[in-house]
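For reference, the structure is listed below as structure tokens.
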Amino acid sequence: SQQGEEDPQALSIQEGENATMNCSYKTSINNLQWYRQNSGRGLVHLILIRSNEREKHSGRLRVTLDTSKKSSSLLITASRAADTASYFCATDNNAGNMLTFGGGTRLMVKP
Amino acid sequence: NAGVTQTPKFRVLKTGQSMTLLCAQDMNHEYMYWYRQDPGMGLRLIHYSVGEGTTAKGEVPDGYNVSRLKKQNFLLGLESAAPSQTSVYFCASSYLQINQPQHFGDGTRLSIL
């Protein structure tokens, strides 16, 4: 089945550094979403990028989408300890009637 | 505004027991979903509903049943719990369409012994 796969599985950085996470998927999409999950909590939607968009910004978040490579990246600039969480990409199918989540990237930001 | 509320938060069951997980949303969303999350894996869709009175199977529906009698509530039932159903269960909702931003509850941790 179609699935987004995040890379790396885990990432540890110092506060103030940038964090980059990547997501690859297999088949055509209408949009791709990124979510954050803090330990013991539910997922929180961060950003949605449509297949005809190449880049999108939201505060310290920057998402890019390359449909020719079937990949996306999430960049968190000037990271903070509060950014420590797991980050998931989610892709829909071509019909837009299914959303599939990847296994996530665990980000640790050390103070 | 509570968003999506799941009850209970934790539960331990014995193999063969049954239980119902309750999800309530106060955002007037049409779509509701039940996912399970296992260690090191992403979320997998169990069942979903596109409106009051409707339900549909997701990726891993076996062993589960659901009901959507009221628009704001979505119930997930385990008729005869098995150890393989030990997981964290998340409910989510979205205003329109499955591929739009979803709002999640904080999960129910279920252990089956």
Side-chain angles (χ1 to χ4, degrees), chain A residues 1-10 21 23-53 56 58 61 63 65 72 85-106, chain B residues 2-10 21 23-25 27 29-51 54-61 74 87-110:
Chain A
S1 62
Q2 174 180 335
Q3 183 178 27
E5 295 287 347
E6 289 89 343
D7 172 64
Q9 290 188 328
M21 289 157 269
C23 171
S24 60
Y25 57 92
K26 298 176 182 176
T27 61
S28 297
I29 60 172
N30 295 294
N31 66 53
L32 183 146
Q33 302 177 46
W34 285 93
Y35 288 79
R36 183 189 74 234
Q37 183 181 33
N38 291 92
S39 181
R41 303 297 299 273
L43 277 70
V44 174
H45 179 260
L46 295 175
I47 200 164
L48 180 152
I49 186 165
R50 293 183 172 79
S51 60
N52 61 354
E53 297 176 311
K56 205 163 183 180
S58 178
L61 305 181
V63 169
L65 179 63
S72 173
S86 291
Y87 292 82
F88 296 87
C89 69
T91 52
D92 70 346
N93 59 3
N94 212 23
N97 60 6
M98 184 65 67
L99 195 65
T100 304
F101 290 82
T105 291
R106 296 187 309 279
Chain B
V4 178
T5 303
Q6 293 183 233
T7 53
K9 296 188 185 305
F10 305 93
L21 281 64
C23 176
Q25 54 95 3
M27 296 172 284
H29 284 171
E30 291 293 335
Y31 284 61
M32 296 187 74
Y33 318 88
W34 277 106
Y35 293 91
R36 61 177 289 174
Q37 185 178 36
D38 299 295
M41 299 181 68
L43 278 69
R44 291 183 292 170
L45 183 64
I46 303 171
H47 286 280
Y48 65 99
S49 168
V50 302
T54 73
T55 63
K57 293 180 179 180
E59 182 185 356
V60 288
F74 196 28
S87 188
V88 182
Y89 291 86
F90 288 97
C91 176
S93 69
S94 63
Y95 182 53
L96 289 173
Q97 294 185 275
I98 290 177
N99 65 348
Q100 296 304 304
Q102 296 185 9
H103 299 255
F104 284 80
D106 280 338
T108 295
R109 294 183 178 276
L110 183 61

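Just so it is clear: chains get the letters A, B, ... in the order the sequence lines come, proteins before strands, and each one is counted from 1. Just so we're clear, the structure is a prediction, and the values are computed from it rather than from any experiment.
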Check against side chain to side chain donor-acceptor pair (under 3.5 Å), B:Gln37 and A:Gln37: CA-CA 12 Å; B:Gln37 185 178 36; A:Gln37 183 181 33; 3.1 Å; yes
Criterion side chain to side chain contact (heavy atoms under 4.5 Å, CB included) on B:Gln100 and A:Asn31, from CA distance to verdict: CA-CA 9 Å; B:Gln100 296 304 304; A:Asn31 66 53; 3.9 Å; yes
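For A:Arg41, the salt bridge (charged side-chain N to carboxylate O under 4.0 Å, His left out) partners are B:Asp106, not counting sequence neighbours. Under the rule for a salt bridge (charged side-chain N to carboxylate O under 4.0 Å, His left out), the partners of B:Arg44 that lie at least two apart in sequence or sit in another chain are B:Asp38.
Going from atom OG1 of A:Thr100 over to atom CD of B:Glu59 covers 6.5 Å, rounded to the nearest 0.5 Å.
When heavy atoms are compared at a cutoff of 4.5 Å, B:Leu45 approaches chain A solely by way of its side chain, counted from C-beta outward. Contacts of B:Tyr33 with chain A are absent, with no heavy-atom separation under 4.5 Å from either backbone or side chain.
Counting all heavy atoms, side chain and backbone alike, A:Leu99 lies closest to B:Ile98 at N-CG2, 3.6 Å. The two residues B:Asn99 and A:Leu48 make their nearest non-hydrogen contact at O-CD1, 3.9 Å.
In this structure, A:Tyr35 contributes its side chain and B:Gln102 its backbone to a donor-acceptor pair below 3.5 Å.
Residue A:Glu53 places its CD atom among more than 12 non-hydrogen atoms of other residues, nucleotides or ligands, all under 6.0 Å distant.
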